[in-house]
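A quick write-up on the structure given underneath.
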Amino acid sequence: MRIQGKTWKFGDHINTDLILPGPVMLLPFDEQPKYAFQANRQG
Amino acid sequence: MGQTMVEKILARAAGRETVTPGDIVTVDVGTAVVIDQNFMHNRMREPKQVFDPDKIVIMLDHIAPADSPMRASMHKAARRFADKHGITRFHDVNNGLGICHQLVADFGYALPGTLLACVDSHTCSAGAFNCAARGIGHPEMSYVCATGQTWFPVCETIRYTLTGTLPPVLNGKDIILHIGNEYGEHAMHNVEFIGDGVAGMSMNARRTLATMCAEISAEFAVFEADQKCIDHVRSRNPDAEFEPQFADPDATYAAERTIDLSVLEPLVAYPGTVVENARPVKDADQHHLDQAFIGSCANGTLDDFEIAAKVVDGHKIAKGTRFIVTPGSQAIFLEAMRRGYVQTLMEAGAVVTNSTCGACCGYSNGILAPDEKCVTASTRNFKGRMGSPEADIYLASPATVAASAIRGSLTDPREFL
């Protein structure tokens, strides 16, 4: 199987707020993915 | 071979004589704390019946009162769950409102020598009461509600002996920033606190320190139970049965460290983490601060209101700095009003909010905009924690936050006391 998409490589010390900011947890599930790693991803 | 406090509590909860680091143990949960977050997006996979309604407490705290139909539905689901399963210890918006770890302390739900579980990462707060307490995942809490059991790996323990007297202007927050600076993270380790220095600390100060052990990634953080601790629990939960656990004299530790509280000074953690990231407030950069916040499960206590009111008494908050104070519970709010702390803070220019997790987790009552800087006496300074990921969060004690609110920049509180 081949999957095409974007990847990000992160360093150490990835915390829970970087993975998914707290307030984003309040959003509906289908709106949450675009905020994952928003503070430290490359675009 | 002797056991540490945490090992003894885990052994008792597992029905075993002993446990050893490296074991994985299935344990009975003495108190299961369910919060509003459990009911978000139908996360709670509801059991047909709960293991024991008298061992479950429900608290609406992260967003209370509700601020949207979704959050209102979450609260409604919690009320229905409590009613259906006969859970009487239910802290609603109109009945004993407060932040879960504050209520666990104030109602004596954390029992010495027992195990407590909750989905929130700062559950280790209850360690101030010799209670092994830890955050667990949402699906696991559904399992706990059904069976009364969960599991933990047994980790090695680091023991801190606290000596001397903490200067009155300092707080448990300054102690954890010192520990984070000197010894770094404590991942896959328990932490225990003993010593004469503990005796001089209020239960609130102990709880701030226990709560903040989440920030150094400790597994469990437990204090030895002295008479002050036992009196606190007995006065609030007189019918509860418990047996404090003490470390054996020949217990084995990964490290044993001593901290003289009397020589500590006010510290501030720079944005991102408390691990190896703090410096003395007197040496901090003099950036303009857009916001100063006191609150959360770590610093929403009456002690915190008292010291903040003392610092700002007769002063005005700096122009261009918002000063927001959030009590740990409705009861603390009321008592802070009776004692005049709320009036002093508001006359200085502070906004005092309802009790909720609020600004600490970026949910309400003080969200940060891009490029803003905030000094906070709350739990966590991760990027994006309090709003915009482009905002900077500095973490310090309530006294430091109050002094910084007056000056509008990071300020050593000893200037005002």
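We use all heavy atoms of the structure for the numbers below, so side chains are in, but hydrogens, waters and symmetry mates are not. The chains referred to below are lettered A, B, ... by the order of the sequence lines, with proteins before strands, and numbering in each begins at 1. Remember, predicted model here, so these are calculated numbers, not experimental data.
- To the nearest 0.5 angstrom, B/Ile393 atom CD1 is 8.0 Å from A/Asp17 atom CG.
- Contact of the B/Arg71 side chain with the A/Leu26 side chain is registered, since non-hydrogen atoms from C-beta on lie closer than 4.5 Å.
- Contacts between B/Gln37 and chain A at a heavy-atom distance below 4.5 Å involve the side chain alone, from C-beta outward.
- Looking at A/Leu27, the atoms closer than 4.5 Å to chain B (heavy atoms on both sides) all sit in the backbone: N, CA, C or O.
- Per-residue heavy-atom pair counts under 4.5 Å with chain A were compared for B/Pro389, B/Gly387, B/Ser364, and the maximum is reached by B/Pro389.
- Surrounding NE2 of A/His13 are at most 12 heavy atoms belonging to other residues, nucleotides or ligands under 6.0 Å away.
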A/Leu18 vs B/Phe382, test: side-chain contact (heavy atoms from CB on, under 4.5 Å). Steps then yes/no.
CA-CA 8 Å; A/Leu18 289 177; B/Phe382 292 168; 5.9 Å; no

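- No part of B/Ile367 comes within reach of chain A, as not one of its non-hydrogen atoms sits under 4.5 angstrom from that chain.
- Counting non-hydrogen atoms of other residues, nucleotides and ligands closer than 6.0 Å to OH of B/Tyr183 gives a total above 12.
- For the pair B/Lys383 and A/Gln38, the minimum side-chain heavy-atom distance is 4.5 Å or more.
- Within a 6.0 Å radius of OH in B/Tyr270, more than 12 heavy atoms belonging to other residues, nucleotides or ligands are found.
- Taking CE of A/Met25 as the reference point, atom OH of B/Tyr363 lies at 4.5 Å (rounded to 0.5 Å).
- Between chain B and the options A/Pro28, A/Pro23, A/Pro21, heavy-atom pairs under 4.5 Å are most frequent for A/Pro23.
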